[in-house]
Amino acid sequence: MHINYDSIGYREIGVKHFDLGFTIRSAQPLTFYADYDRVSRTLVYPSDGKIINLRELESGRGRRIGIASKSIDYAVYDVKRRFRLGDRLSSIYGAISTDATMEGLIQNFSGMRITLNDPWETTMCYILSQYNNIPRIRGITKRMIARFGSDIFGDHDSVVGKAFPKSHEIAAASEKSIVECGAGFRAKYLVEAADYCTNNIDMARLGKLDYPELKDELLQIKGVGDKVADCIALFGYGKLEAFPVDVWIKRIVERLYFRGRKKSIKEIHRFAEDKWGRYAGVAQQYLFFHGISGGLEGNGKKK
DNA sequence: ACCCAGGCGGGCG
DNA sequence: CGCCCGCATGGG
């Protein structure tokens, strides 16, 4: 996706506590398909039939971001919503700074935000994520978009990008065609989930439920288990108390808080709920990013 | 060649 | 409840 429209809108806004690079590099759903350039600190992503271009500007005191899009008003609204710029990160930090370890992570990754993504997109991304690795999830997701997403048009009917596939588009796809994108055994979960999300549940309506009820509903989807349901709740519905426990989180919590002693997923959930409460999901993202960016070297796994 | 990945469903005791 | 297994595929 490139910015090659003829007429383009542009606006700059100031934001406290925002680091686009950390946010993107912490492997949230947006990361699985949007293009981020680390040198220019620019993100390009599709949203509701538009291409949005977001750049982190050189900042003195307080961050500034530049937003470019053909539909600039919509783009500004979308960026604010998508990156949850209305959250007061300083008060969230205050709430989860329960120990020196978390304080350190917050200091290291200050400005990393939890993104808010379309529920179906989030569901698809995390079904693809199971028993998989991040670079590969990216590849599969991009091939799925190229194959099943609809075109996004700029001026003069020129195609400027592809939209993330809608659930009905995946529901209509053959399992074979999804396997061809590299989804492997997850393909059958995906078509079933797509059908379920198209015909059996109103994903937008689920947003009105509170976290426990929402999770129960999500667990009805085949291919969505405890961990993926928490990811959808956190990244798709903004339930900041959701604390997805994957292999990284399990290892890092065991290492940082239990001196390397093995703990069950259930015990880790209880620990996180007690310790970080309604912002556990935010704490989770800082732990996760610490893990995938080398925080487990030595005692645990490499990478 | 080798290991493992932002797990899940199903089957078992 | 807990445990164990198979699962498709390719990045590192």
Side-chain angles (χ1 to χ4, degrees), chain A residues 22-34 105 109 112 114-115 117 119 121-144 147 174-194 196-197 215-237 239-240 242-256 262-270 272 280-297 300-303:
Chain A
F22 287 152
T23 303
I24 292 304
R25 287 160 51 205
S26 72
Q28 301 188 36
L30 204 60
T31 319
F32 297 157
Y33 60 91
L105 295 180
F109 308 135
M112 184 170 71
I114 298 292
T115 58
N117 306 269
E121 293 183 12
T122 310
T123 302
M124 191 172 128
C125 286
Y126 282 102
I127 285 177
L128 288 174
S129 81
Q130 65 175 81
Y131 197 42
N132 209 341
N133 59 61
I134 294 168
R136 227 183 131 239
I137 299 165
R138 268 193 203 120
I140 299 168
T141 309
K142 290 197 171 192
R143 287 190 288 276
M144 297 275 296
R147 181 148 183 175
S174 67
E175 190 180 317
K176 178 170 163 291
S177 64
I178 293 172
V179 169
E180 284 166 4
C181 295
F185 66 90
R186 307 162 194 86
K188 62 177 179 297
Y189 294 148
L190 213 47
V191 276
E192 280 190 43
Y196 190 77
C197 293
K215 193 167 170 180
D216 284 345
E217 288 295 322
L218 295 171
L219 287 171
Q220 303 306 307
I221 303 170
K222 194 179 283 186
V224 174
D226 186 72
K227 189 267 174 183
V228 170
D230 273 331
C231 284
I232 301 170
L234 178 59
F235 300 110
Y237 289 97
K239 303 296 186 187
L240 297 184
F243 190 88
V245 180
D246 64 9
V247 290
W248 291 102
I249 291 295
K250 185 171 183 298
R251 286 198 291 247
I252 203 95
V253 170
E254 285 167 352
R255 171 156 177 188
L256 295 179
K262 293 294 178 188
K263 290 285 164 186
S264 70
I265 290 174
K266 198 168 207 176
E267 287 171 314
I268 292 177
H269 263 126
R270 265 201 301 271
V282 181
Q284 175 273 157
Q285 198 63 15
Y286 284 72
L287 291 163
F288 180 76
F289 190 45
H290 176 60
I292 64 170
S293 55
L296 277 167
E297 279 170 16
K301 294 285 178 177
K302 70 278 180 211
K303 166 66 183 189

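Throughout, protein chains are lettered first and strands after them, A, B, ... in sequence-line order, and every chain is numbered starting at 1. What you see below is based on every heavy atom in this structure, not just the backbone, and it leaves out hydrogens, waters and symmetry mates.
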For [X], all residues meeting side-chain hydrogen bond (donor to acceptor under 3.5 Å, both in side chains), sequence neighbours excluded:
X: A:E121; result: A:Y33
X: A:E217; result: none
X: A:H269; result: A:D230
X: A:T31; result: none

Original post:
Does any pair with a residue in residues 124-139 of chain A pass side chain to side chain donor-acceptor pair (under 3.5 Å), and if so which ones, sequence neighbours excluded?
Top reply: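 Applying side chain to side chain donor-acceptor pair (under 3.5 Å) to every pair that reaches into residues 124-139 of chain A, excluding sequence neighbours, yields A:N132-A:R136.
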Distance check needed: [N] [atom2] versus [X] [atom1], whole Å only.
X: A:I249; N: B:dA5; atom1: CD1; atom2: C1'; answer: 15 Å
X: A:Q130; N: B:dC4; atom1: CD; atom2: P; answer: 19 Å
X: A:I127; N: C:dC7; atom1: CD1; atom2: C1'; answer: 16 Å
X: A:R143; N: C:dA8; atom1: CZ; atom2: P; answer: 17 Å
X: A:M124; N: B:dC8; atom1: CE; atom2: P; answer: 17 Å
X: A:Q220; N: B:dC8; atom1: CD; atom2: P; answer: 14 Å
X: A:I140; N: C:dA8; atom1: CD1; atom2: C1'; answer: 9 Å
X: A:K227; N: B:dA5; atom1: NZ; atom2: P; answer: 12 Å

Taking N or O atoms only and anything under 3.5 Å, show me the protein contacts with nucleotides 11-13 of chain B, one pair per line.
none

For [X], answer base if it contacts any base atom (sugar-phosphate contacts may also be present), sugar-phosphate if it contacts only those atoms, and nothing otherwise; contact means non-hydrogen atoms under 4.0 Å.
X: A:T31; result: nothing
X: A:K266; result: sugar-phosphate
X: A:V224; result: sugar-phosphate

Original post:
Is A:Y131 stacked on the base of C:dC7, with ring centres under 5.5 Å apart and planes under 30° apart?
Top reply: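 Here A:Y131 meets both the 5.5 Å and the 30° conditions.
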Subject >> C1' gap between C:dG10 and B:dG9, integer Å >> reply: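 The answer is 23 Å between these two C1' atoms.
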Subject >> Strand-adjacent residues in residues 283-290 of chain A, judged by heavy atoms under 4.0 Å from DNA chain B >> reply: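 By residue number: A:Q284, A:Q285, A:F288.
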Original post:
What residue pairs, at least two apart or across chains, pass salt bridge (Lys or Arg N to Asp or Glu O under 4.0 Å) with a residue in residues 179-194 of chain A?
Top reply: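 Passing the test, one end in residues 179-194 of chain A: A:R147-A:E180, A:K176-A:E180, A:E192-A:K222.
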Original post:
Hey, is the main chain of A:K263 close enough, under 3.5 Å, to the side chain of A:K250 for a donor-acceptor pair?
Top reply: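 Yes, the answer is positive, given that a donor and an acceptor are paired below the 3.5 Å cut-off.
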Subject >> Under 3.5 Å donor-acceptor, A:Q285 side chain and A:G281 backbone >> reply: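 Judged by distance alone, no pair lies under 3.5 Å.
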Original post:
How is the base pairing of DNA chain B summarised as a dot-bracket string, given the Watson-Crick and G-U wobble criteria with both distances under 3.5 Å, [ ] for crossing and | for another strand?
Top reply: .||||.|||||||
**OP:** Return the set of residues passing side-chain contact (heavy atoms from CB on, under 4.5 Å) with A:A183 (not counting sequence neighbours), or none when no residue passes.
**Re:**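 A:L128, A:I140, A:I178, A:A187.
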Subject >> Selection from B:dG7, C:dG10, C:dG12 that lies nearest to any side-chain heavy atom of A:D246 >> reply: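 Within the option list, the nearest is B:dG7.
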Subject >> Side-chain N or O of A:R251 closer than 4.0 Å to phosphate OP1/OP2 of B:dA5 >> reply: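 Result: yes.
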**OP:** Could I get the full list of salt bridge (charged side-chain N to carboxylate O under 4.0 Å, His left out) partners for A:R143, not counting sequence neighbours?
**Re:**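 For A:R143, no residue satisfies salt bridge (charged side-chain N to carboxylate O under 4.0 Å, His left out) once neighbours in sequence are set aside.
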Original post:
Tell me, which of residues 176-190 of chain A have any heavy atom that sits under 4.0 Å from an atom in DNA chain C?
Top reply: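 DNA chain C contact set from residues 176-190 of chain A: A:V179, A:G184, A:F185, A:R186, A:K188.
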